[in-house]
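Have a look at the structure below, then the notes.
Given the structure is predicted, the values throughout are model-derived calculations rather than measurements. In each ligand, atom 1 is the first atom listed, and ligand 1 is the first ligand listed.
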Amino acid sequence: MDGEAPLSTLAGVGPRMTERLGRLGLVTIRDLAEYLPRGYLDWGEATSFGALRFGQEATVDCTVERIKLRPTRRRNLKIVEAVVADAAGSRAVALWFNQAYLVDRLPAGTRLLVHGELEPGRGLPTFKVERHEVASDGAGLHTLGLVPLYPATEDVSTVKLRELTEQALAKARWFPDALPADVRLSEGAALRADALAAVHRPERREQAEQARKRLAFEELLVLQLGFAERRREREMGAEASALGKPGELITRYRAALPFTLTPEQEKAIAEIDRDLRGVKPMQRLLQGDVGSGKTVVALYVLLRAVERGHQSALMAPTETLAEQHFLTIDEICRTLGVRCFLLTSSLSAKEHASARAALADGDADVALGTHALIQEQVAFRSLAVAVVDEQHRFGVEQRRALGAHAPHVLHMTATPIPRTLAQTVYGDLDVTEIARPPKGRRPVVTRWVSHERSAEAYTRLRKHLKEGRQAYVVCPLISESETIEARAAEQEAERLQKAELRDFGVGCLHGKLRPGERRAVMDAFKRRELDVLVATTVIEVGVDVPNATIMIVQEADRFGLAQLHQLRGRVGRGAQQSYCLLVSRPKEELTEEAKRRLEALVQMSDGFQLAEVDLEIRGEGQLLGTRQSGLPDLKFARLTRDRELIARARRWAAELLERDDEILQPLEHELGRLFADADHRGFA
Ligand code: ADP
Ligand code: MG
C-alpha cells in the first residue's frame with residue numbers, strides 16, 4: 001500500500017464521488033490522508049442529560065427506549081421522537097426533523113451518541129439532535145472530543161470527508177516513512193503514519209499542531225534537499241572566474257562616491273567578496289528595501305570583474321529601468337575610465353550591431369540592458385559577473401540561460417522578505433541583506449487622503465513645487481491593458497497641466513512610450529526642466545531623483561502593498577523631508593484588505609515589516625503562488641509560522657546530500673512528487 005491507490009478503492013466512493021473529490025484535488029488515498037483539517041470542534045466527553053443546562057450543546061451516550069413518528073399537521077414536516085435514557089438513568093425526548101426513515105433504523109435498544117441541545121419540554125426535557133452516531137467501536141468520530149472540520153464543498157461535506165479520512169488513515173499505516181531513522185530520532189519526530197493520525201484525530205489541540213509540524217518538517221526537508229541538489233548540479237562543471245581581492249579600480253570607485261558606504265553595505269560587500277574569490281559561481285540574492293543602497297553595491301560587483309580584465313552585465317526587468325541604471329552607472333564609469341554600454345532590444349540595427357561587436361571583442365566592459373542581453377545570444381568576450389535586478393520578475397529561463405555562461409550572479413530584489421522565508425522561496429540562493437538604509441534618511445511621511453479631500457493634496461504638492469522641489473503623480477492602475485493605462489495617464493497629465501498644475505512643467509511617463517521619448521522625459525525631469533512627472537507604475541522601480549519630495553498616488557486602494565511601498569520609494573531619496581499622499585476612493589467603498597494596506601503604509605516605513613503585513617493580509621499562498629511561481633505547493637508547512645523548521649530542514653538537507661544514495665531514495669521519491677507539479681510550471 002503505497003498510498004497511490006485511487007480513492008475509488010475506498011468504501012462509499014463511486015464514480016460521482018470520485019469526480020467530486022477530484023475537484024478538491026483529491027485523487028489518491030494519500031491525497032486524502034494528507035488533506036488537513038482546517039480546524040476542530042471540541043465536543044469533549046459524552047455527558048448525561050442530568051448534567052446538562054438548557055441551551056448547552058453537548059454529546060450524550062444513551063439508549064433508545066421507544067421511537068415513533070410524531071403526528072404533525074404540516075405535510076412537509078416530519079418529526080421523529082424517541083425516548084432515550086443515558087447510563088445514569090436520566091431520560092429525554094430526542095427529536096429529529098425530516099428524517100422519518102430513522103424510525104426503522106434506530107429501533108428500541110439501539111445505543112446512540114447524540115449531539116445537540118437540551119431544551120425544556122412537557123414532562124421530559126427535549127433534546128434536539130444535530131448529529132447522531134450509532135455507538136460501536138470507534139464511534140464518536142462526529143460527536144466526541146476534537147472533531148475535525150475539513151475544507152469542504154457543496155457536494156463533498158465535512159462529514160463525508162471525516163468518514164473517508166477514517167478509511168484512508170487505516171491504510172496510511174502502511175505508507176513508507178521517508179525520513180531517515182537517525183534524522184527522525186535526533187529531531188524527536190514521530191512516525192509519519194502516527195503524525196497523520198494525530199493531525200486528523202488529535203486528543204488535544206497541541207497534538208495536532210505538533211503533528212502538523214512533523215509533517216511540515218519532512219516536507220521542508222524534501223524541498224531543501226531539492227534546492228541543494230539543483231544547486232549542486234548547477235555548480236558541477238561550471239566554473240566562474242576567480243576574481244581575487246579588490247584592487248586599484250575599486251579603490252578609485254570608493255573614492256569617487258560622494259559618500260562612504262554604510263556598515264550594512266560593507267557587510268554585503270564582504271559576503272560577496274568571499275564568493276568572488278572562488279571559482280564556484282556565486283548565486284547570491286541581495287535583498288534590501290527601496291533606497292537602501294543596493295545599486296552602489298551592484299556597481300561594486302560589476303567593477304570587480306572589470307578590474308580583472310573581464311566583463312560584467314546588469315539586467316533589469318524593463319527598458320526604463322535599464323536606461324535609468326545606465327544614466328547613473330555610466331556617469332561614474334566615465335570618471336573611472338570604464339566603458340559602459342546600453343543594449344536593449346529597441347536599439348537600431350546598426351547601434352545594436354556595434355554594441356554587440358564591442359562586447360564580443362572586449363571593447364565594452366559593462367553591459368546594461370533587459371533580458372535581451374541574454375535572450376539574443378549576445379556574445380561576451382569574457383563575462384565574469386552578472387547582476388540581475390528585481391530577480392523575481394525574471395523567469396526561470398533567463399536564470400538558466402545565464403547559468404550557461406557560468407558568471408558569478410548577484411540577484412537583487414527590492415521586495416525583501418524575511419530571511420528564512422527567502423531561504424525557502426529562493427532556496428537555491430545564498431541570501432544577503434541590507435537591513436537599514438543610509439543614515440540621515442528620514443522616513444517618508446505618508447498620509448491617507450480620502451477622495452473628497454484630494455484638492456488639499458494638490459495644494460500641498462504645489463507648495464513643494466514652489467519651493468523648487470519636484471513631484472510625482474501616479475495614475476490609477478488599469479490592469480486590463482497597458483495601452484488604455486497609457487492613454488489614461490496622458491489624459492490625466494493634460495488635465496492636470498490645465499487645472500491643478502497650471503503653472504508648472506508636467507511630463508508624462510508610461511510603458512507605451514518609445515525608448516527615445518522615455519529617455520527624453522526622464523532626462524528633462526532629472527535636469528528639472530519638468531516639475532512633475534505624471535506616471536503609471538513604470539516609475540515603480542529604479543527612478544532616482546533626490547529632488548523629488550512629494551508623490552500623490554491616485555486611487556491608491558487599487559494597488560498592492562508591496563507596489564505602493566515601491567512607488568513611495570521614489571521619494572525620500574534626498575536629505576529633504578518627503579511626503580507620500582495616498583488618495584483613495586471613499587473609505588466606505590473600500591474592502592477591509594484595502595483599508596489594512598493603506599493603514600499599514602501610513603504606520604510603517606520598513607519594507608521587511610511591510611512584507612510581513614502583506615503576508616498576513618494576503619496569505620502566503622498568494623505570495624508564493626503568483627509571484628514566485630516556481631515554488632511547489634506546500635501542504636503542511638506554514639512559511640510564516642515555521643521559520644525555525646525551515647532553518648533546521650536546510651541544515652539537514654546540506655548534511656544528507658553527502659550521504660549514500662540508497663538512504664536517500666525514499667526522500668528522492670518524495671522530491672519527485674513534490675516537484676512534479678512545480679516542474680510542470682517551469683521550476684529550475
Ligand atoms: P536601491 O537601489 O537599494 O533602491 P540606491 O542604491 O538607488 O538604492 O540608493 C538610494 C539613494 O541613496 C541613492 O541616491 C544613492 O546615491 C544613495 N546612497 C546609497 N548609498 C549611500 C550611502 N552609503 N550614503 C549615503 N547615500 C547613499
Ligand atoms: Mg535601485
Side-chain angles (χ1 to χ4, degrees), residues 250 253-272 284-303 314-318 320-333 335-336 366 368 387-393 410-417 422 431-444 469-470 472 522 525-528 537-549 551 562-578 580 605-608 610-611:
I250 291 295
Y253 171 54
R254 283 176 175 274
L257 287 173
F259 42 72
T260 51
L261 298 182
T262 66
E264 293 277 331
Q265 285 167 325
E266 292 290 3
K267 190 167 70 62
I269 281 174
E271 290 181 14
I272 291 165
R284 191 169 280 281
L285 173 71
L286 179 63
Q287 295 204 92
D289 210 347
V290 266
S292 61
K294 293 183 299 300
T295 310
V296 180
V297 175
L299 184 49
Y300 174 94
V301 181
L302 295 172
L303 294 175
L314 184 147
M315 297 187 302
T318 65
T320 319
L321 191 47
E323 285 159 18
Q324 183 62 33
H325 276 308
F326 183 72
L327 292 178
T328 0
I329 289 176
D330 187 48
E331 201 177 306
I332 305 184
C333 281
T335 68
L336 299 173
V366 179
L368 292 107
V387 175
V388 182
D389 197 10
E390 296 305 326
Q391 76 112 24
H392 66 265
R393 290 164 194 239
L410 182 72
H411 306 267
M412 299 201 292
T413 176
T415 317
I417 55 177
V431 180
T432 291
E433 288 173 357
I434 300 185
R436 270 180 302 278
K439 268 223 195 65
R441 197 73 66 63
R442 284 188 264 177
V444 177
R469 313 258 158 259
Q470 290 163 284
Y472 301 103
M522 275 313 305
F525 190 62
K526 275 204 149 179
R527 289 195 304 265
R528 301 199 194 181
T537 52
V538 297
I539 63 154
E540 185 183 334
V541 273
V543 175
D544 188 12
V545 178
N547 190 46
T549 53
M551 163 179 287
Q563 200 169 25
L564 285 171
H565 180 59
Q566 289 288 319
L567 286 167
R568 176 170 65 177
R570 298 310 112 209
V571 293
R573 307 201 132 229
Q576 302 291 325
Q577 178 63 61
S578 289
C580 177
S605 53
D606 178 65
F608 286 89
L610 283 166

| For ligand 1, which atoms have a heavy atom of Leu261 less than 4.0 angstrom away? | 23 (N)

| request: Run the numbers for me: atoms of ligand 1, each under 4.0 Å from some heavy atom of Val296, listed by number. | output: 6 (O), 19 (C), 20 (N)

| field | Donor-acceptor pair between Gln576 and Thr549 side chains, under 3.5 angstrom | value | no

| message | Heavy-atom distances under 4.0 Å decide this one: backbone, side chain, both or neither, for Lys439 against ligand 1? | response | neither

| request: Look only at the side chain of Gln470 and the backbone of Phe525, and say whether a donor-acceptor pair between them is shorter than 3.5 Å. | output: yes

| Between Pro546 and ligand 1, is there a nitrogen or oxygen pair with a distance under 3.5 Å? | no

| request: Within a distance under 4.0 Å of any heavy atom of Val290, pick out the atoms of ligand 1 and give their elements. | output: 4 (O)

| So, does Arg254 use its side chain to make a donor-acceptor pair with the main chain of Thr260 at under 3.5 Å? | no

| query | By number and element, which atoms of ligand 1 are closer than 4.0 Å to a non-hydrogen atom of Thr262? | reply | 23 (N)

| task | Tell me which part of Pro438 gets within contact of ligand 1: side chain, backbone, both or neither, using heavy atoms under 4.0 Å. | result | side chain

| said: Can you confirm, on distance only, whether ligand 1 has an N/O atom lying under 3.5 Å from any N/O atom belonging to Gly291? | reply: yes

| task | Verify the neighbour count for atom CD of Glu331: are there more than 12 heavy atoms of other residues, nucleotides or ligands below 6.0 Å? | result | no

| message | Quick one, Ile434 and Gln265 - any side-chain contact, counting heavy atoms below 4.5 Å? | response | yes

| request: Working to the nearest 0.5 Å, report the span between CG of Leu368 and OG1 of Thr328. | output: 8.5 Å

| By number and element, which atoms of ligand 1 are closer than 4.0 Å to a non-hydrogen atom of Arg573? | 4 (O), 7 (O), 10 (C)

| said: So, taking the atom named CD1 in Ile332 and the one named CG in Leu299, what distance separates them when rounded to the nearest 0.5 Å? | reply: 5.5 Å

| task | Run the contact test for Thr260 against ligand 1 with a 4.0 Å cut-off on heavy atoms, strictly below, and give the result. | result | yes

| query | Does Asp289 reach ligand 1, in the sense of a heavy atom lying below 4.0 Å from it? | reply | yes

| field | CE on Met412 to OG1 on Thr432, rounded to 0.5 Å | value | 12.5 Å

